[in-house]
Protein chains: 2
Amino acid sequence: MLRVSRLTDYATVVMTCIAAHPSDVLSTAQIADEARLELPTVSKLLKLLGHAGLVESFRGVNGGYRLARPAEAISLADIVEAMEGPIGMTECSVAQGQCDRQAQCGVSDSWRSVSGAIGGVLRAMTLAQMLAGRPTAPAKDATQVAQANA
Amino acid sequence: MLRVSRLTDYATVVMTCIAAHPSDVLSTAQIADEARLELPTVSKLLKLLGHAGLVESFRGVNGGYRLARPAEAISLADIVEAMEGPIGMTECSVAQGQCDRQAQCGVSDSWRSVSGAIGGVLRAMTLAQMLAGRPTAPAKDATQVAQANA
DNA sequence: TCAATACCGGACCAAAATGGTACTGTTTTC
DNA sequence: GAAAACAGTACCATTTTGGTCCGGTATTGA
């Protein structure tokens, strides 16, 4: 179905929960409760999001998590990349050179181009927009441009 | 990595091979040879592509496959959907209603919007463009629009 | 008519990815 | 020093994916 993993989906929910309480440090338990997800799962998500530098963690009593930068400065692409690695639709879009068919394979360039465009769509959606919960204008524009050119 | 399945990747290769010989009926063996893929795999791909109405099949001696319509009228979205089903980034982008969190989940609308935009990117890339093997203009435009709006 | 060619529709299986859980360690606060 | 809370890692069940095989049917042509 060409979809992101379920954990990536969860990660966006978790991130919007955190973003809804700016300048508060929320514990994993609080976040799990608000997102209605299992605590161990949320813990795992937050670890990955922390490694990617999207959230800051604080240990000890009254510790927890907080956004590492404003919601406007975090894109959906950031979250997807944190969970799934670099965005690329095919294996040779990301790491090229290990496909012996590459020479006569005219398809790889097209896939790379498409991957770039999709990355653009993901970069255009910010966490702030997702928090607002509105079908946002930028992504719509990209759709229409693409369709007009089809 | 947010990627299409390997079979989908193969399907694009197979489709461009067929498109390279318009008005010829190619056997599975010929296609497998040209695409440098295993014959049973190609057979499976062609079955799915046939069900989706992208290729026509002919049985019997000198049978084989042919594009069901011109390469200009077949988009990458057609191929992806033939292999992976409807395009949607999350489960609730495609089938909504089975997620009990949907009510307070402000994220689903954003994902749906993004899914639509990505579908647009995929629809903008035609098989004819992939055959030409050029980084095509339309997808590039979509990228730039998305980035400009970010 | 019969044999060869080639697609059709399944079933099947091994390997990998995914999602989820548990456990132990370390840091910080009170 | 005890409790709270994150850190790291390992583990397992399930599902998905990729790949293969086989019996059936349609078409051609000798």
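Letters A, B, ... are given to chains in the order of the sequence lines, protein chains preceding strands, and every chain is numbered from 1. Excluded from the calculations below are hydrogen atoms, water molecules and symmetry mates; all remaining heavy atoms, backbone and side chain alike, are included.
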Integer-rounded Å distance: [N] [atom2] and [X] [atom1]:
X      : N       : atom1 : atom2 : answer
Q30(B) : dA6(C)  : CD    : C1'   : 11 Å
D9(B)  : dG19(D) : CG    : P     : 11 Å
R66(B) : dA6(C)  : CZ    : C1'   : 16 Å
M83(B) : dT16(D) : CE    : C1'   : 14 Å
Y10(B) : dT17(D) : OH    : P     : 15 Å
L7(A)  : dT21(C) : CG    : P     : 11 Å
I31(B) : dT5(C)  : CD1   : P     : 18 Å
L37(B) : dG18(D) : CG    : C1'   : 12 Å

Seminar exercise, completed: Contact check, residues 16-24 of chain B vs DNA chain D, heavy-atom distance under 4.0 Å, returns none
Exercise. Is the distance from OP1 or OP2 of dG20(C) to the nearest side-chain N or O of R6(A) less than 4.0 Å?
Worked result: yes
For this session: Look at the side-chain N and O atoms of S5(A) and state whether any lies under 4.0 Å from the OP1 or OP2 oxygen of dG19(C).
Result: yes
Seminar exercise, completed: Note: contacts of residues 42-57 of chain B with DNA chain C (heavy atom, under 4.0 Å) are K47(B), H51(B), S57(B)
Seminar exercise, completed: Sorted by chain and residue number, the salt bridge (charged side-chain N to carboxylate O under 4.0 Å, His left out) partners of E56(B) (sequence neighbours excluded) come out as R66(B)
Problem set entry | Counterpart residues, salt bridge (charged side-chain N to carboxylate O under 4.0 Å, His left out), relative to R59(B) (two or more places apart) | none
Under the side-chain hydrogen bond (donor to acceptor under 3.5 Å, both in side chains) rule, collect the residues that match up with [X], sequence neighbours excluded.
X      : answer
T16(B) : none
R69(A) : D78(A)
T28(A) : none

Who passes side-chain contact (heavy atoms from CB on, under 4.5 Å) against [X], sequence neighbours left out?
X      : value
S27(B) : A29(B), Q30(B)
A71(A) : A19(A), L67(A), L127(A), A128(A)
P40(A) : E38(A)

Problem set entry | R112(A) bridged to D109(A) by N-O distance under 4.0 Å | yes
Exercise. Are the side chain of S115(A) and the backbone N or O of M89(A) linked by a donor-acceptor pair below 3.5 Å?
Worked result: yes
Sort me out a list of protein N/O and nucleotides 2-5 of chain D N/O pairs below 3.5 Å, or just none if empty.
from   : atom 1 : to     : atom 2 : distance (Å)
dA5(D) : O4'    : G60(A) : O      : 3.3

Problem set entry | F58(A): hydrophobic cluster co-members (side-chain, 4.5 Å) | V25(A)
